[in-house]
Amino acid sequence: MTNTGMNMRGKITFYEEKNFQGRSYECMNDCSDMTSNLSRCQSCRVESGCFMVYDRSNYMGNQCFMKKGEYSDYMSMMGMRDCIKSCRMIPMQHRGQYRMKIYEKENFGGQSHEMMEDCDNVMDRYRMNECQSCNVMDGHWLMYEQPQFRGKMMYMRPGEYRNFMDMGMSGQRFMSMRRITDSCN
């Protein structure tokens, strides 16, 4: 098994009803459309690893970060209004540095700043009113709509993100960013 394969280990089980009741679906990798496996999903149990869950298919819409634990009624716990429709496993044990360049405007416009550490408030640290595009060069990150890592979030893996609206996050502003570290075991 390659080192990359070892980093990708994770297991999450979804249940149709609250409190781990009803039919279940076990997932150990990305799933772009849960509706082919369950008619709805209202609770889940993360046995290992970390996952992002989405309230729309194809990794779109509202997102929620889930690490090892039990979520007996995730909709009320996480503030999501709809069932989980897709999920993405987050690779763990990143050993290199974390690097992301954030931009004030879409298509890498406006002010820009390269980050290597968590930022609890973009306005205070960089004097940027918002962040609307970014380039993740190394590591995996969570971006939050409010300072202090609060509010709606978005998972960012290495790649270029020219416009957050293309990811189903219309009107979303991101004001804090956090690295996803080895805390998912």
Side-chain angles (χ1 to χ4, degrees), residues 12 14 18 30 34 41-44 46 49-92 94 98-136 139-184:
I12 187 170
F14 298 98
K18 296 176 184 176
D30 295 354
M34 302 268 303
C41 173
Q42 296 192 7
S43 59
C44 65
V46 179
C50 291
F51 291 83
M52 283 307 285
V53 296
Y54 303 80
D55 67 359
R56 291 175 43 200
S57 298
N58 297 315
Y59 320 112
M60 302 285 277
N62 292 314
Q63 305 178 23
C64 186
F65 177 73
M66 296 190 155
K67 59 184 182 178
K68 187 175 181 176
E70 295 188 343
Y71 303 87
S72 61
D73 181 8
Y74 82 87
M75 290 172 72
S76 63
M77 291 170 54
M78 304 298 175
M80 293 179 82
R81 293 181 300 276
D82 204 356
C83 295
I84 295 171
K85 300 281 175 57
S86 57
C87 77
R88 180 164 282 175
M89 186 169 42
I90 299 174
M92 294 313 304
H94 177 74
Y98 288 77
R99 287 186 17 202
M100 175 170 60
K101 192 165 190 176
I102 59 172
Y103 297 85
E104 185 177 30
K105 303 291 180 194
E106 298 172 357
N107 296 312
F108 312 123
Q111 284 188 68
S112 68
H113 296 279
E114 188 168 315
M115 300 173 48
M116 297 177 76
E117 299 289 331
D118 297 352
C119 176
D120 63 357
N121 192 321
V122 170
M123 181 66 173
D124 289 351
R125 184 176 296 172
Y126 300 119
R127 301 291 181 243
M128 288 176 63
N129 291 327
E130 56 193 339
C131 171
Q132 293 188 3
S133 58
C134 71
N135 180 10
V136 178
H140 296 250
W141 298 73
L142 289 176
M143 298 178 75
Y144 297 82
E145 72 174 337
Q146 297 173 16
Q148 308 300 319
F149 315 114
R150 294 189 338 248
K152 291 182 181 177
M153 62 179 77
M154 185 165 61
Y155 167 54
M156 311 301 285
R157 56 190 190 168
E160 292 184 345
Y161 301 89
R162 295 182 169 278
N163 184 341
F164 297 145
M165 288 194 306
D166 293 343
M167 301 173 68
M169 303 300 278
S170 61
Q172 200 73 33
R173 296 174 14 158
F174 292 99
M175 300 304 293
S176 55
M177 294 83 183
R178 173 179 280 163
R179 298 163 295 150
I180 301 176
T181 59
D182 296 348
S183 62
C184 291

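Numbers for residues simply follow the sequence, beginning at 1.
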Exercise for the section: Quick one: sort the Phe164 and Phe174 rings into parallel, tilted or perpendicular, breaks at 30° and 60°. Expected result: perpendicular
Handout entry: Gap separating the CD atom of Gln132 from the CD atom of Glu104, nearest 0.5 angstrom
Key = 8.0 Å
Handout entry: Side-chain (Gln111) to main-chain (Arg127) donor-acceptor, under 3.5 angstrom
Key = yes
Problem - Side-chain heavy atoms of Met156 within contact of Met177, under 4.5 Å - result: no
Exercise for the section: Walk me through it: do Asn135 and Tyr161 pass the test side chain to side chain contact (heavy atoms under 4.5 Å, CB included)? Expected result: CA-CA 6 Å; Asn135 180 10; Tyr161 301 89; over 6 Å; no
Handout entry: Minimum side-chain heavy-atom gap Tyr98-Asp118 below 4.5 Å
Key = no
Problem - Exam field: side chain Asn121 to backbone Pro147, donor-acceptor pair closer than 3.5 Å - result: no
Fill in the blank from the handout: Rounded to the nearest 0.5 angstrom, the CE-CE distance for Met153 and Met52 is 5.5 Å
Exercise for the section: Considering only NZ, NE, NH1 and NH2 on the basic side and carboxylate oxygens on the acidic side, decide whether Arg179 and Glu117 come within less than 4.0 Å. Expected result: yes
Exercise for the section: Would you give the length of the straight line joining atom CG of Asn107 to atom CD of Glu160, rounded to the nearest 0.5 angstrom? Expected result: 10.5 Å
Handout entry: Inter-residue atom distance Met100.CE - Cys134.SG, 0.5 Å rounding
Key = 5.5 Å
Practice task
Please step through side chain to side chain contact (heavy atoms under 4.5 Å, CB included) for the pair Arg157 and Tyr155, ending with a clear verdict.
Solution key: CA-CA 7 Å; Arg157 56 190 190 168; Tyr155 167 54; 3.7 Å; yes
Exercise for the section: Would you confirm whether Ser133, through its side chain, and Asn163, through its main-chain N or O, come within 3.5 Å as a donor-acceptor pair? Expected result: no
Handout entry: Note, His140 side chain near Pro158 side chain (heavy atom, < 4.5 Å)
Key = yes
Practice task
Could you tell me whether the side chain of Lys105 reaches within less than 4.5 Å of the side chain of Tyr103, counting heavy atoms only?
Solution key: no
Exercise for the section: Apply side chain to side chain contact (heavy atoms under 4.5 Å, CB included) to Cys119 and Tyr126, showing your working. Expected result: CA-CA 9 Å; Cys119 176; Tyr126 300 119; 3.9 Å; yes
Practice task
Would you name the heavy atoms of Asp73 and Ser43 that are closest together and state the gap between them?
Solution key: N-CB, 4.5 Å
Completion exercise
Heavy atoms of Met89 and Asp30 approach each other most closely as N-OD1, 2.9 Å
Problem - Whether Ser176 side chain and Gln146 backbone form a donor-acceptor pair below 3.5 Å - result: yes
Exercise for the section: Can you see which heavy atom on Arg99 is nearest to which on Met116, and at what distance? Expected result: CG-CG, 3.8 Å
Problem - Phe108 side chain reached by Arg162 side chain, heavy atoms, under 4.5 Å - result: yes
Practice task
Working to the nearest 0.5 Å, report the span between CD of Gln63 and CZ of Phe65.
Solution key: 12.0 Å
Practice task
Locate the shortest heavy-atom distance separating Phe149 from Arg178; write the atom from each residue and the value.
Solution key: CD1-NH2, 2.7 Å
Practice task
Quick one: pull up NZ in Lys85 and CZ in Arg56 and give me the separation to the nearest 0.5 Å.
Solution key: 9.5 Å
Practice task
Check the pair His113 / Arg125 against side chain to side chain contact (heavy atoms under 4.5 Å, CB included), numbers first and verdict last.
Solution key: CA-CA 10 Å; His113 296 279; Arg125 184 176 296 172; over 6 Å; no
Practice task
For the residue pair Tyr59 and Tyr54, categorise the inter-ring angle as parallel (less than 30°), tilted (30 to 60°) or perpendicular (more than 60°).
Solution key: perpendicular
Problem - Identified side chain to side chain contact (heavy atoms under 4.5 Å, CB included) counterpart of Val53 within the set Val46, Ile84, Asn62 - result: Ile84
